[in-house]
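So the structure is just underneath, and the comments pick up after that.
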Number of protein chains: 2
Amino acid sequence: MSDGRPGPFGGGESLLFLTDEQLRQGIEAMFFAYRGFTADPDRILAKLAYGRAHHRAIHFINRAPGTTVNNLLSILGVTKQSLNRVLRTLIADGLVESRVGTVDKRERHLFLTEQGHALEAQLSDAQRERMRAAYKDAGPEAVQGFRKVLEAMMDADMRRAYVKLRETSS
Amino acid sequence: MSDGRPGPFGGGESLLFLTDEQLRQGIEAMFFAYRGFTADPDRILAKLAYGRAHHRAIHFINRAPGTTVNNLLSILGVTKQSLNRVLRTLIADGLVESRVGTVDKRERHLFLTEQGHALEAQLSDAQRERMRAAYKDAGPEAVQGFRKVLEAMMDADMRRAYVKLRETSS
DNA sequence: AGTTTAAGTCAGTGATGTTGACATTCCAAG
DNA sequence: CTTGGAATGTCAACATCACTGACTTAAACT
């Protein structure tokens, strides 16, 4: 099924880009690119005995300061036990602060400390630098296409979280 | 540094796509999209008590039949001990066959069995289906840009492996 | 008072990765 | 031909991380 041969379409729309071969190249490109995408932060984190989970937590706490634990869980898509282990070490190490909610005292609101901000900056500088180089290489039109495909690849609930974050920004 | 303001360029080349804000949106898009990218295979693998490592091994053995363990290691970027555990279970389960090399008996050449091919097809069908939907949504020009940015994001040695695989194909 | 919700914890399991030791095979220098 | 080093692959022990499930605590809701 779906061998992707052009077929008898009159609209002049080539469907060659939907062949299994093209799709597989896209899949492999995604695999290798993601390794590059995480390589620089991973190097920094390894020295601190942290993992990607710590990076993700720091990133999104910086992105949405004061977020609750539950909120963070739904963004990260991990279990609370898993997140809790990460948060515990980050709080113990003085990178994250957890404040009891004023309106609802059951909630804990998360913030980066000064130290936390420093590590966040170090991590995202490294990641942005690679991203910037790739963007510059590929050019603005390519970047637009890149974003378009990525957004189409998300699950519905991820896209909701993503869009929500975009709205919050700036 | 590099706040990405347009700046005094006369060439009409807008550099707005290189702002930190744009880069961060790209980073987050990459994060959420990769989750979608792996979600379908992950669901299938979970039922079989396999993980992503098994998927990767199966994918690349299918892609380059007869590859040696060492070769696979350089593509996957893990330690040989880690890969070995995965291979051992796949061989024990009858999905992969390991043949002693004829010219160099130290080497083991890896092949998928019929069962292995069946699982590979199941996994890549699921992944391709999502990819196809995303590609179709985004359109051919977007796909071209997507690929361009991904390739620019790879490390040099990953790009080498990626290009080599592309050459091998069909 | 009873139920629900938010957060945190403990125990057990499984996948993944690492280091270290080891066996086999190849190859080249003596 | 022999011997020692290098390459390839395997096995064992250990650490990390994430998950499920059950439970506790505290606060909010009804």
Side-chain angles (χ1 to χ4, degrees), chain A residues 31 34-35 38-39 41-43 45-58 61 66-93 96-111, chain B residues 31 34-35 38-39 41-61 66-93 95-111 119 123:
Chain A
F31 170 69
Y34 198 76
R35 279 240 301 266
T38 57
D42 281 355
R43 263 188 291 275
L45 292 159
K47 291 181 206 158
L48 304 172
Y50 289 154
R52 265 180 221 175
H54 298 83
H55 182 190
R56 291 192 288 256
I58 288 175
I61 292 174
T67 186
T68 64
V69 173
N70 243 345
N71 203 332
L72 200 52
L73 280 178
S74 68
I75 291 174
L76 295 178
V78 295
T79 61
K80 66 176 171 177
Q81 294 89 333
S82 214
L83 176 59
N84 194 259
R85 184 170 3 91
V86 168
L87 283 179
R88 212 174 349 178
T89 68
L90 290 176
I91 291 171
D93 294 352
V96 167
E97 189 190 344
S98 165
R99 298 184 206 152
V100 174
T102 51
V103 34
D104 187 334
K105 289 180 192 165
R106 288 173 306 179
E107 296 180 336
R108 300 297 138 87
H109 298 275
L110 303 170
F111 300 87
Chain B
F31 169 69
Y34 197 77
R35 278 239 303 266
T38 57
D42 281 354
R43 262 188 291 275
I44 297 171
L45 292 159
K47 291 181 206 158
L48 305 172
Y50 288 154
R52 266 181 220 174
H54 298 85
H55 183 191
R56 292 193 287 256
I58 288 175
H59 177 97
F60 286 108
I61 292 173
T67 185
T68 63
V69 173
N70 238 349
N71 203 331
L72 201 51
L73 280 179
S74 67
I75 291 175
L76 295 179
V78 294
T79 61
K80 63 179 171 175
Q81 294 87 338
S82 205
L83 175 59
N84 192 259
R85 182 169 2 87
V86 168
L87 284 179
R88 208 175 352 176
T89 69
L90 290 176
I91 291 170
D93 295 350
L95 302 179
V96 167
E97 191 190 343
S98 164
R99 297 184 205 152
V100 175
T102 50
V103 34
D104 187 334
K105 289 179 191 164
R106 289 172 303 180
E107 297 178 337
R108 301 296 137 89
H109 298 274
L110 304 169
F111 301 87
L119 179 56
L123 291 169

Rounded to the nearest Å, what distance is computed from the [atom1] atom of residue [X] to the [atom2] atom of nucleotide [N]?
X: A:Asn84; N: D:dC19; atom1: CG; atom2: P; answer: 13 Å
X: A:Leu72; N: C:dG8; atom1: CG; atom2: P; answer: 11 Å
X: B:Asn71; N: D:dG9; atom1: CG; atom2: C1'; answer: 14 Å
X: A:Leu45; N: D:dC17; atom1: CG; atom2: P; answer: 11 Å

Show me the protein contacts with nucleotides 21-24 of chain C, counting only N or O atoms at under 3.5 Å.
none

Do B:Leu123 and B:His59 have side chains that get closer than 4.5 Å, going by heavy atoms?
no
Between B:Gly66 and B:His109, the two heavy atoms sitting closest are O-ND1, 2.7 Å
For B:Asn71, enumerate each residue passing the side chain to side chain contact (heavy atoms under 4.5 Å, CB included) test, keeping only those at least two apart in sequence or located in another chain.
B:Thr67, B:Thr68, B:Ser74, B:Ile75
Return the set of residues passing side chain to side chain contact (heavy atoms under 4.5 Å, CB included) with A:Val103 (not counting sequence neighbours), or none when no residue passes.
none
Phosphate oxygens OP1/OP2 of [N]: is one of them under 4.0 Å from a side-chain N or O of [X]?
X: A:Ser82; N: D:dC19; answer: yes
X: B:Thr79; N: C:dG17; answer: no
X: A:Asn70; N: C:dT5; answer: no

Can you name the ring pair (Phe, Tyr, Trp, His ring centres under 6.0 Å) partners of B:Tyr34, sequence neighbours left out?
A:Tyr34, B:Phe37
What I want to check is whether an N or O donor and acceptor connect the side chain of A:Arg85 with the base of D:dA18 at under 3.5 Å.
yes
Heavy-atom nearest nucleotide on DNA chain D taken for A:Val103 and for A:Val86; more 5' hit belongs to A:Val86
Test salt bridge (Lys or Arg N to Asp or Glu O under 4.0 Å) applied to B:Arg99 - qualifying residues, sequence neighbours left out
B:Glu97
Can you sort out the partners of B:Arg52 under salt bridge (Lys or Arg N to Asp or Glu O under 4.0 Å), two or more places apart, ordered by chain and number?
B:Asp42
Close residues, residues 48-57 of chain B, relative to DNA chain C [heavy-atom separation under 4.0 Å]
B:Ala49, B:Gly51, B:Arg52, B:Ala53, B:His54, B:Arg56
The side chain to side chain donor-acceptor pair (under 3.5 Å) partners of A:Thr79 (sequence neighbours excluded) come to none
Counterpart residues, side chain to side chain donor-acceptor pair (under 3.5 Å), relative to A:Tyr50 (two or more places apart):
A:Asp93
Nearest-nucleotide pick for A:Val69, side chain only, options being D:dA28, C:dG17, C:dA7:
C:dA7
